[in-house]
Number of protein chains: 2
Amino acid sequence: MGTPNKLGFRQMAARIRQEIIDGVYLTASVLPPEPVLADKYGASRSLVNRAMQVLAAEGMIRPRQGRGTMVTYIPPMLHSAARYSREARESGAARGAFDAEIRELGLEPQHEIIVERAVPPNDVAEALGLPPGEENALVRRRRLLASGIPVRLNASWFPLSIAKGSDLEAEGPNIRGGVKSALAELGYVQTKATERIHVRPPTEEEADALEISPERTVLDIFHVGKTESGQAVEVTTTVTPAHYLVIEHTFPLN
Amino acid sequence: MGTPNKLGFRQMAARIRQEIIDGVYLTASVLPPEPVLADKYGASRSLVNRAMQVLAAEGMIRPRQGRGTMVTYIPPMLHSAARYSREARESGAARGAFDAEIRELGLEPQHEIIVERAVPPNDVAEALGLPPGEENALVRRRRLLASGIPVRLNASWFPLSIAKGSDLEAEGPNIRGGVKSALAELGYVQTKATERIHVRPPTEEEADALEISPERTVLDIFHVGKTESGQAVEVTTTVTPAHYLVIEHTFPLN
DNA sequence: GAGTGGTCTAGACCACAGA
DNA sequence: CTGTGGTCTAGACCACTCG
């Protein structure tokens, strides 16, 4: 029967957005083809295409040439400074929280990990107090996915002088007790952290790795962990499509 | 002479973006009309319009029916937890920092302030421990602009039981020493704060007040200030187009 | 080869602002 | 009234995926 009154592309986007949130279209399923939607809403395919662009920019969907348009909606997850507490780490909650949250949504958590020695980017080298442009760091790169939808990119950088030959170079999805425990066993106990957060468009590589449209925005978290003496021993960068995260932190005043 | 090779709308957007960043088109000036750009780039106006949509979603420009397309690019500003330090407040730096940053860009800072008693939103009422749905709070709403471009919405909420008849109800662009000092004089010294940050699409009212296109994302900061006893005495919400802010904070580990 | 989304055009009508 | 951006159509061609 179609739709009696004509919709603008924003309204069309709004309606489809609501249907996704309501579960009419399930996450990781495929939307009807644009010509079908055009017929359903009594509009031209151009208009449907523009509505799709709006939803893609929000991260609700991911259209792909030849493959159709997949629903990629995932509600935001909490990123709390409390995740760095000793209890959270020892219980494996830092890792487990991600898995649990994803599973609760009925999706399958997946992890990809690459450990390698590399030349750190300039901002990382500077934060770690390393000379720039040299292969003087170890990096653990992780890509986290939910039922095949990439949701987060992590890279943890350590000075090679500290990490060389240690547990940190071990492959595998996780380090027993977490990287902070591994560093502590090496004599580098972290007592303070600084985070810098900003929102920006993704680089081309990030857009590819996260499989998002170029007009999506990402949250970029630059985390520096320091020892009591003020030495920076770990830099972890997190890049995630912006709406996937809620950040919470507490701090003393004065 | 136009442009020899045809550009896609993303490339067209990229070129104009770069020209804006390079200062070819100045912030608060007006871009050439779409038909002129269409001619310049040898494309249809539809394509130019779509490129404009991309740049508008990024916050680089603000197209307006009948009025032309204004350049609204403003580089990000730092939002650091350190802004709450006593020194920053007493020197007026919290306020001055905004003005100084804007002036440094060659723009004119402007402030609009409304002080009134109102029914707080549910999340604010809950944070302040107030019964919902009652006119039991005082709110100081501020809109910050740079040469007529709105860049930030602030609303500071206080329990009416505390703020009634105090300096907090005073009109005017600023309170001597800041609201935290005013609260301290009333016997409510804040010693701890919690912030919850997330990125989301603007509400319709916010899009209007910030004069942004609906597909822009905003940063939403929900700040709760508490006394030593744990009583919440101030909630400040900040809404700003996402790319205008960089957030930085430091916290102890363990 | 058939079907998908990605892009683009030419033209149209509308809503709005400003002289 | 003129010129602006906002929307929309009908049709076209292309790049990509998959059977």
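Predicted model, so just to flag it, every value in this text is computed and none were measured. Here is the naming used below: chain letters follow the sequence lines, and residue numbers restart at 1 for every chain.
Screening B/Arg17, B/Arg10, B/Arg216 for a salt bridge (Lys or Arg N to Asp or Glu O under 4.0 Å) involving A/Glu215 leaves a single residue, B/Arg10.
Contacts between chain A and DNA chain D, taken as any atom within less than 4.0 angstrom of a protein heavy atom, begin and end at D/dT7 to D/dC18.
Environment of CD in A/Glu126: sparse, with no more than 12 heavy atoms of neighbouring residues, nucleotides or ligands closer than 6.0 Å.
The side-chain heavy atoms of A/Glu108 and A/Arg103, taken from C-beta on, include a pair separated by under 4.5 Å. Counting only heavy atoms from C-beta outward, the side chains of A/Thr72 and A/Thr27 never approach each other to under 4.5 Å. Residues A/Arg196 and B/Val246 meet the side-chain proximity criterion, which asks for heavy atoms closer than 4.5 Å.
By the 4.0 Å N-to-carboxylate-O rule, A/Glu135 lies too far from A/Arg117 to be salt-bridged with it.
Nearest-nucleotide positions on DNA chain D for B/Asn49 and B/Val36 put B/Val36 closer to the 5' end.
The closest side-chain donor-acceptor pair between A/Arg50 and B/Gln53 falls under 3.5 angstrom.
Ring-plane geometry between B/Phe98 and B/His111 is classed as perpendicular, the angle between the planes exceeding 60 degrees on a 0 to 90 degree scale with a lower cut at 30.
Within residues 52-68 of chain B, the residues having any heavy atom closer than 4.0 Å to DNA chain D are, in order of number, B/Pro63, B/Arg64, B/Gln65, B/Gly66, B/Gly68.
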